[in-house]
Amino acid sequence: MVDCENQVRLDAYHDGELSPAERSAVEAHVRDCPSCAAELAAIRSMSGAFAETTSREPSHEQLLQLARSIRVESSDSRMLLRLFRGTAVAAAVLLACALAGAVYLSQRTKAAAHEAMVLDHVAIWSQAAAFAANPISDERQAEQQLRLAQWIADDLRFRQEER
């Protein structure tokens with residue numbers, strides 16, 4: 001059978017799901033396309049075969065067997081459900097621990113970076129004083145020490161407020 005791009009609309013045509021304009025277009029196409037005409041005939045034949053069948057009531061034994069199979073499946077699914085719940089709880093605890101660890105490490109890294117910055121400033125100021133070509137006057141050195149002490153005090157106060 002040759003594949004035709006209109007074959008996908010044949011089921012919708014057969015089920016009455018197309019608009020009148022689309023329905024007319026499909027009918028015109030089916031008249032000219034033997035492949036689609038054969039496919040539509042097969043769909044109608046299959047639909048007719050199913051329409052002619054009658055539904056049977058299940059026997060008492062079949063209903064009992066179905067009930068037993070449902071009980072077995074439900075106990076299996078309960079066991080799987082318990083397993084999945086346990087796994088989900090373990091995953092949630094693991095995720096919470098990972099997030100708490102990440103927050104802790106982030107704070108520690110921030111504090112370490114801050115300490116490194118303080119030490120870097122102290123080192124720069126002390127090197128500048130030690131290697132200066134012109135010795136710093138006592139008044140200027142006292143001023144720099146006072147600024148450094150104030151900066152360290154502000155830093156410590158900021159850390160105390162963060163906690």
Side-chain angles (χ1 to χ4, degrees), residues 1-124 147-148 150-163:
M1 172 165 42
V2 178
D3 287 331
C4 179
E5 63 186 41
N6 288 306
Q7 283 184 349
V8 295
R9 295 176 26 192
L10 292 178
D11 281 323
Y13 172 79
H14 177 266
D15 295 340
E17 298 172 349
L18 298 179
S19 67
E22 291 174 315
R23 189 168 181 78
S24 297
V26 169
E27 289 169 352
H29 175 75
V30 167
R31 281 192 295 268
D32 297 335
C33 181
S35 175
C36 287
E39 182 69 21
L40 184 58
I43 291 171
R44 285 179 176 156
S45 171
M46 184 67 69
S47 180
F50 281 115
E52 291 174 5
T53 62
T54 58
S55 62
R56 294 184 342 194
E57 289 294 319
S59 69
H60 184 69
E61 291 79 27
Q62 289 172 328
L63 289 173
L64 288 175
Q65 184 180 4
L66 178 63
R68 280 191 297 269
S69 69
I70 290 173
R71 279 189 212 113
V72 168
E73 288 177 14
S74 67
S75 68
D76 289 346
S77 28
R78 276 190 233 122
M79 182 183 70
L80 283 175
L81 186 60
R82 275 188 244 127
L83 176 68
F84 289 144
R85 280 185 190 151
T87 305
V89 168
V93 168
L94 184 63
L95 179 63
C97 289
L99 288 174
V103 167
Y104 174 75
L105 288 176
S106 171
Q107 292 299 322
R108 294 289 299 169
T109 304
K110 184 178 176 184
H114 213 86
E115 288 175 20
M117 190 171 70
V118 168
L119 292 174
D120 192 38
H121 277 46
V122 169
I124 290 172
R147 282 195 321 187
L148 178 61
Q150 184 63 46
W151 193 75
I152 291 172
D154 289 345
D155 180 59
L156 291 173
R157 189 176 315 114
F158 174 74
R159 285 186 188 193
Q160 195 67 23
E161 289 172 359
E162 272 187 346
R163 293 182 190 164

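We're numbering straight along the sequence, starting at 1.
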Roughly how far, to the nearest 0.5 Å, is the [atom2] atom of [Y] from the [atom1] atom of [X]?
X   : Y   : atom1 : atom2 : value
E57 : L63 : CD    : CG    : 8.5 Å
H60 : Q65 : NE2   : CD    : 12.5 Å
T87 : F84 : OG1   : CZ    : 7.5 Å

Between [X] and [Y], is there a donor-acceptor pair closer than 3.5 Å when you use the side chain of the first and the backbone of the second?
X    : Y    : answer
S45  : A41  : no
T109 : L105 : yes
S106 : A102 : no

Between E22 and Y13, does the side chain to side chain donor-acceptor pair (under 3.5 Å) criterion hold? Intermediate values first, please. CA-CA 8 Å; E22 291 174 315; Y13 172 79; over 6 Å; no
Residue pair R23 / G16: nearest heavy atoms and the distance that separates them: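 R23 and G16 have their closest heavy atoms at NH1-CA, 4.3 Å.
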For residues L10 and L40, report the shortest heavy-atom separation together with the two atoms involved.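 In this case the closest contact between L10 and L40 is CD1-N, 4.2 Å.
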